[in-house]
*Asks:* 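One structure follows; several queries about it will come next.
When a residue number appears, it is its place in the shown sequence, counting from 1.
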Amino acid sequence: MSTRIIMVLSLLSLALAGCGGDDGSELEGIYTLASWTTNPDSCTEEGGPDIEADGYTHFFVRKDSFFGQSFIAAVMCADLEECRTKAADKDTLYIGQFTFDENGDGGWTGTSTFLFGEDCAGTVSTFVLTGDPGVSVRIDSKGRAVTNVPKDSDGFCDTDAAEAQAEGQPCDQLTVVTGDFLEGI
C-alpha cells in the first residue's frame, strides 16, 4: 500500500472516530498565510521558514461532516481565488493537510500517521488548532518518530500501534502555521 493511501486512510479514520465538543464553526473562514515555520530537530522553539509555504498564500478552515462525524480541516491554497472556490464547494469533502477531530480545553486536535517501508517507520504528528475568531488562527504540529511498527492482520502498518509507540517518544519536529482572518465562508 502506498504511503499516500496510508495517510488518506489515517485521515479518514480521524473523521470516523471524531467526537468533537462545540461545533468549531467560529474559526471557519479564509485566512492569509502569515507564517509557516518548521524546527526539524526540536519542539522547544519555532524554526525557520518552511519550504512548504512557498506554494501557498492562503488557506481556509471549514467544519465538515463525514457519516455524521464532524471535523475541521485547514486546506492550503495557492491563491485567494482557489480558496474561495474550494471553500464555497460544500459538495466536496476536503481533508486538508491539517485535520482536527476533537475539541478540548487547548483547542481542536487531530493526529496524522505517516508510515513507509517494510519496517513501518515514519512520523506520528499531533495537531492543535487555536484562534481568535475573526482575527487569526494558529496550528501547532508536533511530530514524533516511530520505527519497527508492527503490521496489522491485513499486512499493513498498524497506525494504532504507531500512535501508541509515539506517546512515549519525545517530540522531535515542530511546525507552526499562522493565518490572519481575511473573510468568512
*Asks:* Which atoms form the tightest heavy-atom contact between Val149 and Ala162, and what is the distance?
*Replies:* CG1-N, 3.7 Å
*Asks:* Enter the distance from Phe71:CZ to Asn103:CG here, rounded to the nearest 0.5 Å.
*Replies:* 15.0 Å
*Asks:* Keeping the roles fixed (side chain from Asn39, backbone from Glu45), state whether a donor-acceptor pair exists under 3.5 Å.
*Replies:* yes
*Asks:* Where is the tightest heavy-atom contact between Gly110 and Asp101, given as atom of each residue plus distance?
*Replies:* CA-OD1, 3.7 Å
*Asks:* Ile139, Leu27: one ILVMFWY side-chain cluster at the under-4.5 Å cut-off?
*Replies:* yes
*Asks:* Can you confirm whether Val61 sits close enough to Leu129 that some side-chain heavy atom of one is under 4.5 Å from a side-chain heavy atom of the other?
*Replies:* yes
*Asks:* If I compare all heavy atoms of Asp140 with all of Arg138, which pair ends up nearest, and what's the gap?
*Replies:* OD1-NE, 2.8 Å
*Asks:* Anything under 30° is parallel, anything over 60° is perpendicular, the rest tilted; go ahead and classify Phe100 against Phe127.
*Replies:* perpendicular
*Asks:* Give the C-alpha distance, both sets of side-chain angles, the deciding distance and a yes or no for side-chain contact (heavy atoms from CB on, under 4.5 Å) between Thr175 and Thr38.
*Replies:* CA-CA 4 Å; Thr175 298; Thr38 296; 3.1 Å; yes
*Asks:* Checking side chain to side chain donor-acceptor pair (under 3.5 Å) for the pair Glu163/Thr111: CA distance, chi angles, key distance, verdict?
*Replies:* CA-CA 9 Å; Glu163 289 175 19; Thr111 303; 5.1 Å; no
*Asks:* Is it true that a side-chain atom of Gln165 and a backbone atom of Ala161 form a donor plus acceptor pair closer than 3.5 Å?
*Replies:* no
*Asks:* Using every non-hydrogen atom in the two residues, find where Cys120 and Leu115 come nearest and quote the distance to one decimal.
*Replies:* O-CD2, 3.8 Å
*Asks:* Locate the shortest heavy-atom distance separating Gly29 from Phe181; write the atom from each residue and the value.
*Replies:* CA-CE1, 4.0 Å
*Asks:* A side-chain contact here means heavy atoms from C-beta on lying under 4.5 Å apart; do Glu52 and Gln97 qualify?
*Replies:* yes
*Asks:* Answer with yes or no whether the hydrophobic clustering places Val75 together with Phe66; edges join I, L, V, M, F, W, Y residues whose side-chain heavy atoms lie under 4.5 Å apart.
*Replies:* no
*Asks:* Which residues pass the side-chain hydrogen bond (donor to acceptor under 3.5 Å, both in side chains) test with Asp132, sequence neighbours left out?
*Replies:* none
*Asks:* Roughly how far, to the nearest 0.5 Å, is the CG atom of Asp64 from the OG1 atom of Thr99?
*Replies:* 9.5 Å
*Asks:* Relative to the ring of Trp36, is the ring of Tyr56 parallel (under 30°), tilted (30 to 60°) or perpendicular (over 60°)?
*Replies:* parallel
*Asks:* Is it the case that the side chain of Thr178 and the backbone of Ser35 share a donor-acceptor pair, with hydrogens and angles ignored and the cut-off at 3.5 Å?
*Replies:* yes
*Asks:* Check each of Thr85, Leu182, Thr32 against Leu80 using the side-chain contact (heavy atoms from CB on, under 4.5 Å) test, and report the only one that passes.
*Replies:* Leu182
*Asks:* Do we see a donor-acceptor contact under 3.5 Å between the side chains of Gln173 and Thr123?
*Replies:* no
*Asks:* Compute whether any side-chain donor of one residue and acceptor of the other, for Thr109 and Glu102, lie under 3.5 angstrom apart.
*Replies:* no
*Asks:* Leu33 and Ile72: same hydrophobic cluster, using ILVMFWY side-chain contacts below 4.5 Å?
*Replies:* yes
*Asks:* Are Lys86 and Glu81 within salt-bridge range, i.e. N to O under 4.0 Å?
*Replies:* no
*Asks:* Measuring from Phe98:CZ to Phe59:CZ, what's the distance to the nearest 0.5 Å?
*Replies:* 9.0 Å
*Asks:* Whether the Ser42 and Thr44 side chains hold a donor-acceptor pair (N or O, under 3.5 Å, no angle test) is what I'd like checked.
*Replies:* yes
*Asks:* To the nearest 0.5 angstrom, please state how far the SG atom of Cys83 sits from the CZ atom of Arg62.
*Replies:* 11.0 Å
*Asks:* Rounded to the nearest 0.5 Å, how far apart are NE2 of His58 and CD1 of Ile30?
*Replies:* 8.0 Å
*Asks:* List in chain and number order the residues that pass side-chain contact (heavy atoms from CB on, under 4.5 Å) with Lys142, two or more places apart in sequence or in another chain; answer none if no residue qualifies.
*Replies:* Cys43, Thr126, Arg144, Cys171, Leu174
*Asks:* What class does the angle between the rings of Phe116 and Phe114 fall in, given that below 30° is parallel, 30 to 60° is tilted and above 60° is perpendicular?
*Replies:* tilted
*Asks:* When rounded to the nearest 0.5 angstrom, what is the spacing between SG in Cys157 and NZ in Lys151?
*Replies:* 6.0 Å
*Asks:* Any side-chain donor paired with an acceptor under 3.5 Å for Ser112 and Ser125?
*Replies:* no
*Asks:* I'd like to know if Trp108 and Tyr31 are part of one continuous hydrophobic network [Ile/Leu/Val/Met/Phe/Trp/Tyr, side-chain heavy atoms within less than 4.5 Å].
*Replies:* yes
